Number of protein chains: 2
Amino acid sequence: MAQKNVLKYVVLGLLSHQDLTGYDIKKLFEGELGDFWYSNHSQIYPELKKMVESGLISAYDDTVGQKMTKTYYTIQPQGKAELADWLKEPLNALPPTRDEFSMKLYLLNDVNDPLIKKLFAEEIARHEEKLQYLQSRWKLLFTAKAEQKKHYGHAMILRQAIRREEWRLQWLREEQAKLEE
Amino acid sequence: MAQKNVLKYVVLGLLSHQDLTGYDIKKLFEGELGDFWYSNHSQIYPELKKMVESGLISAYDDTVGQKMTKTYYTIQPQGKAELADWLKEPLNALPPTRDEFSMKLYLLNDVNDPLIKKLFAEEIARHEEKLQYLQSRWKLLFTAKAEQKKHYGHAMILRQAIRREEWRLQWLREEQAKLEE
DNA sequence: CACTGCATGTAAGGCGTTACATGATTGA
DNA sequence: TCAATCATGTAACGCCTTACATGCAGTG
């Protein structure tokens, strides 16, 4: 029942490039990758343990400083196989979008309600901030064209996120302009 | 703990225009509204009961045919107040996006992997289908300009959904073209 | 008379968020 | 030394999906 455990495959995918700790994965989700997938550490750590138990990955410890141990995870053949299967499978049905901003607009429903203008201003500010962050990341990582080819997937999702924000802003500003008439 | 119960406010918003049955609400979610909010009937019916208990809405029955009873719900003053409060509140933080398509691309990471082309073809087909449906709805509902003004919220979210699909398709086709080089 | 849609409900269980918890390391 | 970050865990709980269930109404 319920949803598919996509986090498992995401983790397998990340580990297929290099060994990582749970904390590393958490940090990845806090960067641009988080624009497309995110999980809290409280979900990541138990998931990693489950995956070790089922033989998809293995674990080894490393010591930092005097006492602290980090646990790195390595993908196992069985894990590689499951990852390859998942990548081959057709995409799952799109999950429903739940967009609070749009719902509020829909429910207000009266062009003259002053709350509508406030909503647009708020939403535009949010997306402007996001866009700036993404653009700074692009500059930092992919100014060199060679990097774009080397990290195809990464460059592509970052481009996509930037375009998404640009388009959203464009739409928001158009609708906002209509309100002024 | 956990998320906010937005469904409650969505239901209040829908009931603020007219009395509806649980089934009516379910049907609304299956139309364009479902592009921005969706719940299964197994969530809607219990939620309505809870809302009656807490005094936000009231219920009355109507008989259809010989035996079948439908239950309509009416918004109460307390419900109107809570709805107004919610509409005034600033937007909640954006929930994380979880996009399986983009994750697969990110993880494949090799421009030459034949799976990438397959993925694009699949995703493009999905969005083309969606766009066609949305465009047919727009024609049906809002060819008359007067309707656009009368149902501001509805027209707006439909326009937004159409634009979203157009842009997504544009991006997908651009990336697809790049793969051919 | 059969089939599609109307209409309403409950149950099981996974996914995800928020909160609670602890301790080590590093750099200012 | 003090704060921020590294690093890892558990617990509670709500949201949401999937599945199971039942029966009436209207149309061909």
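In what follows, chains are A, B, ... by sequence order, proteins preceding strands, each numbered from 1. The structure presented is a predicted model; accordingly, all values stated were derived computationally and were not measured.
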How many Å lie between [atom1] on [X] and [atom2] on [N], as a whole number?
X      : N      : atom1 : atom2 : answer
B/E30  : D/dT17 : CD    : P     : 13 Å
B/Q43  : C/dT8  : CD    : P     : 17 Å
A/Y72  : D/dC6  : OH    : C1'   : 11 Å
B/M68  : D/dA25 : CE    : P     : 6 Å
A/L28  : D/dC6  : CG    : P     : 12 Å
B/E100 : C/dC15 : CD    : P     : 13 Å
B/L48  : C/dT10 : CG    : P     : 12 Å
B/I44  : C/dT8  : CD1   : C1'   : 11 Å

Is the shortest side-chain N/O distance from [X] to OP1 or OP2 of [N] below 4.0 Å?
X     : N      : result
A/Y23 : D/dT8  : no
B/Y45 : C/dT8  : yes
B/K70 : D/dA25 : no
A/R98 : D/dC15 : no

Shortest non-hydrogen contact from [X] to [Y]?
X      : Y      : value
A/T97  : B/D35  : CB-O, 3.2 Å
B/L105 : B/L119 : CD2-CD1, 3.9 Å
A/F36  : A/R164 : CE2-NH1, 3.9 Å

Looking only at side-chain atoms of [X], point me to the closest of [options].
X     : options                : answer
B/V64 : D/dT8, D/dA25, C/dG9   : D/dA25
A/H41 : C/dA19, C/dA24, C/dG16 : C/dA19
B/N5  : D/dC15, D/dT17, C/dC15 : D/dC15

Have a look at B/K8 and say if it touches a base, only the backbone sugar-phosphate, or nothing, with a 4.0 Å heavy-atom cut-off.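 No contact.
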
Using a heavy-atom cut-off of 4.0 Å across all strands, would you classify B/K26 as base, sugar-phosphate, or nothing?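 No contact.
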
For A/E32 and A/R137, what are the C-alpha separation, side-chain angles and deciding distance, and is it a salt bridge (charged side-chain N to carboxylate O under 4.0 Å, His left out)? CA-CA 8 Å; A/E32 302 91 62; A/R137 288 294 295 174; 2.2 Å; yes

Pick the nucleotide of DNA chain D nearest each of B/N40 and A/P46; which residue has the one closer to the 5' end?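 Of the two residues, A/P46 wins.
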
Between B/K27 and A/Q66, which has a closest nucleotide on DNA chain C that is more 5'?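 Final value for this comparison: B/K27.
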
If you assign A/K67 and B/T21 each to the DNA chain C nucleotide with the nearest heavy atom, which residue ends up on the more 5' nucleotide? B/T21

Quick one: do the B/D19 and B/Y60 side chains pair a donor with an acceptor below 3.5 Å? yes

Think B/K104 forms a cation-pi with A/W86, using NZ or CZ under 6.0 Å from the six-ring centre and within 45 degrees of its axis?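 Yes; both conditions hold, so B/K104 lies above the ring face of A/W86.
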
Classify the side chain of A/S42 versus the base of C/dT18 as yes if they form a donor-acceptor pair under 3.5 Å and no if they do not.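 Such a pair is found, so the answer is yes.
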
